[in-house]
Q: 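This is the structure I want to talk about, given as structure tokens.
Please read these numbers as outputs of a predicted model, since none were measured by experiment. Below, chains carry the letters A, B, ... as their sequence lines are ordered, and counting in each starts from 1.
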There are 2 protein chains.
Amino acid sequence: MTPKRKRRNTSTRRADLANEIAEAIRLRLFRPGEWLRQIDLEERFQATRFDVRRALDELAVRKTIEHVPNRGYRVAEIDLKTYGEILAIRVMLETAAAESAAARIDGAGIARLDALAAQFSAAVLTGSRTEQSEINRAFHQLMYSFCGNAVLQETIWALRDRGRGSQITVWSSHEALLASDREHHAMMAALRAGDAAGLAALVARHVTKGAVPAARPAEPAAAPKLSA
Amino acid sequence: MTPKRKRRNTSTRRADLANEIAEAIRLRLFRPGEWLRQIDLEERFQATRFDVRRALDELAVRKTIEHVPNRGYRVAEIDLKTYGEILAIRVMLETAAAESAAARIDGAGIARLDALAAQFSAAVLTGSRTEQSEINRAFHQLMYSFCGNAVLQETIWALRDRGRGSQITVWSSHEALLASDREHHAMMAALRAGDAAGLAALVARHVTKGAVPAARPAEPAAAPKLSA
DNA sequence: GGTAAAAATATTGGCGCCAATTATGTTGCA
DNA sequence: TGCAACATAATTGGCGCCAATATTTTTACC
């Protein structure tokens with residue numbers, strides 16, 4: 001097994017490695033609390049130790065992982081309080097982004113979003129959990145991309161990524177998954193009708209209800225409070 | 001000039017250096033667009049080159065500075081569009097934080113805030129611009145600290161720091177400075193009355209009006225829009 | 001056999017060296 | 001003098017080495 005490409009462009013490598021690792025964490029290839037050994041990452045991503053360390057540092061700043069001196073880096077585990085805090089902020093930002101998107105999206109955009117909603121519907125039946133997750137991500141990403149505020153989008157995705165390392169089952173049951181799917185189509189209807197307020201309300205519920213603590217899946221979704 | 005302390009605790013050094021540099025940028029010791037030469041930073045902060053590079057990397061991730069490969073790092077210059085986008089988000093988050101703080105602050109907290117408001121009033125008359133700025137920062141920091149949402153606070157301050165590298169005069173005139181001072185005291189009145197909605201409205205105006213483009217200082221503050 | 005000390009192993013992380021790149025200064029030529 | 005090509009200096013940044021620290025295994029002793 002000779003190293004296929006020990007060193008490639010070197011400038012793109014550096015920048016993307018952090019995102020590659022972040023994606024692996026999103027896909028649950030590394031679980032919350034798990035240690036990320038530098039040697040393993042070197043091999044898995046065919047990168048130099050130096051680049052690995054840089055990427056880990058970046059992810060630590062982004063709070064995706066946690067750094068323990070002389071122990072290493074591990075996927076961040078966030079407690080329920082912090083998770084609730086993140087949700088509260090997400091509700092504010094995502095409703096705002098959706099409202100703005102409703103006012104700015106055009107026909108072509110709606111068509112593309114529709115396609116993703118349909119893809120999700122299909123994935124609910126046949127796809128894997130990670131497939132569903134990625135399509136869901138793409139749907140919301142595309143929707144918020146019409147809000148016209150790049151910083152707002154960055155902030156939203158930073159928060160979503162940060163909330164990942166929690167003991168939360170995003171779709172705690174198949175019914176929850178179906179509910180998400182229905183809500184996507186309801187959002188599309190609101191978008192087509194130009195009903196910004198309605199869309200915002202849907203998004204608020206979607207964000208809050210989509211993620212239920214794994215321990216108590218039947219808990220009714222509380223009204224979004226600012227503190228957990 | 002012998003180096004007083006070339007290496008100190010080494011673990012705190014690393015973590016704090018980024019914040020020290022960030023503070024220097026806040027205080028305008030480095031101006032937007034200015035290059036941060038690693039050798040200079042080494043000497044000024046008595047740190048090793050390695051630590052300097054780490055700190056610069058961190059600030060680049062935080063978007064406080066910008067990295068140009070093979071050129072180095074420079075204080076980020078943000079355009080008016082991005083600045084507007086940041087303001088729009090800040091209005092959302094800071095009004096929410098203020099509203100929550102109003103419901104949770106106690107008498108002792110109000111007293112401490114009052115002290116800072118008084119300090120600001122004094123600094124308006126006698127203090128330097130950076131003094132005013134730091135006291136103002138402390139005032140808002142303390143106020144938001146009562147909101148009960150740590151992530152929200154982090155997010156707010158990340159955005160405030162990020163908006164710093166713009167061609168904006170925060171207090172474009174002495175009148176603007178006086179207005180800020182008056183608004184601080186108005187906020188205190190709202191807090192004492194437990195008027196969360198009133199406080200939120202004040203904060204929204206404060207955030208939006210406090211920062212006026214230097215080029216057109218007389219422009220009336222527009223209603224907060226989501227996109228710039 | 002169980003526990004504690006000690007050795008061996010594994011992993012992280014500080015740091016210096018120097019190649020690559022860019023900026024600056026100088027020379028030669030029209 | 002103005003411009004371009006070249007030489008020189010300054011600066012960044014990749015990377016390997018190995019010391020410091022943590023973890024596991026072995027050994028020794030009760």
Q: May I ask you to say what A/Val52 touches in the nucleic acid, namely base, sugar-phosphate or nothing, with a heavy-atom cut-off under 4.0 Å?
A: nothing
Q: Quickly work out the B/Trp35 CH2 to C/dT24 P distance and round it to whole Å.
A: 11 Å
Q: Between C1' on C/dT9 and CZ on A/Arg37, what's the gap in Å once rounded to a whole number?
A: 13 Å
Q: Round to the nearest Å and state the distance from B/Ile39 atom CD1 to C/dA23 atom P.
A: 15 Å
Q: From CG of B/Asp51 over to P of C/dG13, roughly how many Å is that when rounded to an integer?
A: 13 Å
Q: To the nearest Å, give me how far apart CG (B/Asn70) and P (C/dA19) are.
A: 16 Å
Q: Could you check whether any side-chain N or O of A/Glu42 sits under 3.5 Å from a backbone N or O of A/Thr48, counting only pairs where one atom can act as donor and the other as acceptor?
A: no
Q: To the nearest Å, how far apart are B/Arg49 CZ and D/dG14 P?
A: 13 Å
Q: Would you find a donor on one side and an acceptor on the other, under 3.5 Å apart, between the side chain of A/Glu85 and the backbone of A/Thr82?
A: no
Q: Whole Å only: how far is the CG atom of A/Leu17 from the P atom of D/dC15?
A: 13 Å
Q: Looking only at heavy atoms, what is the nearest atom pair of B/Ser133 and B/Arg164, with distance?
A: OG-NH1, 4.5 Å
Q: Given C/dT12, is OP1 or OP2 found less than 4.0 Å from the side-chain N or O atoms of A/His67?
A: no
Q: Should we say atom CZ of A/Arg31 is surrounded by more than 12 heavy atoms from elsewhere, each under 6.0 Å from it?
A: no
Q: Rounding to an integer number of Å, can you tell me how far A/Leu41 CG sits from C/dA10 P?
A: 18 Å
Q: At 4.0 Å (heavy atoms only), tell me whether B/Arg71 reaches a base, stays on the sugar-phosphate, or touches nothing.
A: sugar-phosphate
Q: Mapping B/Arg53 and A/Arg53 to their closest nucleotides on DNA chain D, which lands nearer the 5' end?
A: B/Arg53
